J.: 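Dropping the structure in here first, questions after.
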Protein chains: 2
Amino acid sequence: MTKTNELLYPTKWLSKASTGDRVTSELRMRIISGMIESGTVLSENKLASDFAVSRSPIREALKVLASENIIRLERMGATVVGLTEKEYAEIYDVRILIETFVFERLVRVETTELVMELSKILEMMKVAIKYQDADEFSYQDVLFHETIIRAIDHSYILMIWDNLKPVMESLILLSMRSRFKEKYEDFSRIINNHQLYIDAIETKDRELMVKSLHQNFDDVQEKVEDLWRSQQLLSKGVEQQND
Amino acid sequence: MTKTNELLYPTKWLSKASTGDRVTSELRMRIISGMIESGTVLSENKLASDFAVSRSPIREALKVLASENIIRLERMGATVVGLTEKEYAEIYDVRILIETFVFERLVRVETTELVMELSKILEMMKVAIKYQDADEFSYQDVLFHETIIRAIDHSYILMIWDNLKPVMESLILLSMRSRFKEKYEDFSRIINNHQLYIDAIETKDRELMVKSLHQNFDDVQEKVEDLWRSQQLLSKGVEQQND
DNA sequence: TTTATAATACTTGTATACAAGTATTCTCGT
DNA sequence: ACGAGAATACTTGTATACAAGTATTATAAA
């Protein structure tokens with residue numbers, strides 16, 4: 001067996017989490033990073049002994065991951081679906097869909113408080129860049145979008161986000177970690193895009209909103225390309241371990 | 001305790017379902033019908049003894065219902081959220097959102113097979129009306145929309161539907177049951193609306209699509225009003241049982 | 001009567017046990 | 001060598017057991 005002791009998911013984010021949550025997050029990261037390959041059949045019993053826990057938290061994790069569409073629960077075993085380019089495109093379809101909806105609602109509403117909150121998060125992101133903390137940056141990046149979505153107080157839009165968020169979070173984590181190593185200069189552009197986003201909300205300029213949304217989308221497209229690179233690096237690394 | 005032996009969810013739909021699924025469906029119906037009132041705190045142990053099953057399937061059910069936003073999992077006990085008018089509006093926001101998206105995709109695609117399939121389902125619905133089978137009608141109604149959504153083969157849009165479907169299904173079931181008793185004449189209009197829907201897809205007429213979508217939306221609004229009536233009837237019925 | 005504290009009852013999350021079902025493998029008769 | 005069927009190993013879903021934590025209640029001291 002290859003060395004899999006190192007956890008991909010930030011341990012500090014799990015301080016109060018249950019075993020089930022830990023397994024869920026870690027498993028998700030391993031699947032999305034490509035460490036567990038697409039097509040692999042997961043067995044509850046095997047996972048339980050691998051993670052040295054009982055089947056209860058494993059079952060819980062598999063249910064969650066199935067609802068996120070990254071595994072498929074079948075009669076015998078759970079098959080890893082993983083994320084192909086098709087799925088990446090689909091995830092961003094949904095992101096554009098719900099963020100456009102949210103924007104449309106925000107136009108009708110007082111947003112000064114939201115803008116304040118977003119500015120704070122943006123400052124946090126800058127600090128994270130300064131100290132090269134990829135995980136913290138990712139956390140704030142996800143929080144940025146979640147804050148916007150929460151602002152319209154729409155439980156069923158939030159439901160969609162809740163389903164999308166964990167996968168988004170994993171993608172962003174993996175992408176940012178590799179970018180901090182290789183494409184550090186990207187971050188000023190990311191910050192600019194987020195600032196544009198805030199401006200759009202502040203001025204309630206629908207046109208600017210659409211523009212910034214799509215710029216963010218394009219930016220995210222690049223993130224995905226980065227992810228492909230990091231997947232390749234990772235699988236190369238695993239191969240090297242087998243030498 | 002009031003008489004709760006009768007199951008709200010159609011037993012025949014659960015022929016191959018696990019205990020967990022049965023509990024989930026039944027609990028959902030009881031919450032959405034108003035039989036279990038909003039604000040009620042559900043205890044795993046109490047539910048387990050009420051349903052005469054262990055905590056395992058109950059836990060499973062509560063997790064699912066929480067992800068559907070009809071209960072809230074808290075430190076101690078699960079609080080029933082239920083559906084206020086706000087949530088009804090939000091559910092249909094999301095329905096409009098995804099069905100519009102789906103329509104947009106269908107315009108670019110071969111739809112003859114889909115139209116055939118939908119026509120078949122519509123025939124089924126007519127038969128269900130003829131024999132006054134509210135449950136069968138509801139089943140076909142839900143299937144109609146699911147078939148359209150599945151046609152674009154988009155796993156993340158399908159994910160949204162998967163989360164929305166159970167609640168939709170429950171709403172439609174309750175509404176149709178009361179309509180078959182009281183507003184039988186409604187059904188010809190419902191059938192017409194669905195036919196319009198099919199025509200829109202067939203002719204790829206975007207304008208007609210939007211029109212039929214909103215007609216269907218308006219129709220569904222009425223369903224909700226019916227639901228309120230049926231909730232009131234139901235709660236009156238419960239009160240009468242206490243006499 | 002009020003307030004601290006101890007006892008009790010209930011809660012969640014995890015582990016383990018078991019039943020029923022489904023693949024896989026093995027063995028035996030042809 | 002090959003196919004039928006038995007034996008075996010694995011699967012899921014449910015029940016039960018247990019540990020650790022949290023509310024509630026009861027008791028006792030001020």
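What you see is a predicted model; the values in this text were computed from it and never measured. We name chains A, B, ... by the order of the sequence lines, and we start the count at 1 in each one.
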J.: Applying a 4.0 Å non-hydrogen cut-off, can you work out what A/Ser18 is touching in the nucleic acid: base, sugar-phosphate, or nothing?
T.: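 Sugar-phosphate only.
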J.: In residues 57-67 of chain B, which residues come under 4.0 Å of DNA chain D by heavy atom?
T.: B/Pro57, B/Glu60
J.: Between A/Glu26 and A/Arg30, does any NZ, NE, NH1 or NH2 come within less than 4.0 Å of an OD or OE carboxylate oxygen?
T.: yes
J.: Is the shortest distance from a Lys or Arg side-chain nitrogen in A/Glu123 or A/Lys120 to a carboxylate oxygen in the other one below 4.0 Å?
T.: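 The answer is no: the pair does not qualify as a salt bridge.
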J.: Please list, by residue number, the residues of residues 70-82 of chain A whose heavy atoms come closer than 4.0 Å to an atom of DNA chain C; answer none if no residue qualifies.
T.: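 A/Arg75, A/Met76, in order of number.
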J.: For B/Asn45 and B/Ser56, find the nucleotide of DNA chain C closest to each by heavy atoms; which residue's nucleotide sits nearer the 5' end?
T.: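 Of the two residues, B/Asn45 wins.
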J.: Assess whether a salt bridge exists between B/Lys63 and A/Glu60, defined as any Lys/Arg side-chain N lying under 4.0 Å from an Asp/Glu carboxylate O.
T.: yes
J.: If you count the non-hydrogen atoms of other residues, nucleotides and ligands that lie under 6.0 Å from CZ in A/Phe180, is the total more than 12?
T.: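 Yes - once you tally the heavy atoms of other residues, nucleotides and ligands closer than 6.0 Å, there are more than 12.
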J.: Give a yes or no on whether a salt bridge exists between A/Arg105 and B/Asp93, defined as a side-chain N under 4.0 angstrom from a carboxylate O.
T.: yes
J.: From the 5' end of DNA chain D to its 3' end, which nucleotides mark the outer limits of contact with chain B, defined by a 4.0 Å heavy-atom distance cut-off (strictly under)?
T.: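 Reading along DNA chain D, I get D/dG13 to D/dA23.
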J.: Would you say B/Glu169 and B/Tyr9 are linked by a side-chain donor-acceptor pair, where the criterion is simply a distance under 3.5 Å?
T.: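 Side chains of B/Tyr9 and B/Glu169: pair found under 3.5 Å.
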J.: Between A/Arg177 and A/Asp135, is there a side-chain N and carboxylate O pair less than 4.0 Å apart?
T.: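 A salt bridge is present here (some side-chain N lies under 4.0 Å from a carboxylate O).
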J.: Do you see a donor-acceptor pair shorter than 3.5 Å between the side chains of A/Glu37 and A/Thr40?
T.: no
J.: Quick test of your reading of the model: are B/Glu99 and B/Arg95 salt-bridged, counting only N-O distances below 4.0 Å?
T.: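 Counted as a salt bridge, because a side-chain N and a carboxylate O are separated by less than 4.0 Å.
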J.: Are B/Thr147 and B/Glu117 close enough, and set up right, to give a side chain to side chain donor-acceptor pair (under 3.5 Å), and what steps lead you there?
T.: CA-CA 8 Å; B/Thr147 302; B/Glu117 187 68 19; 5.3 Å; no
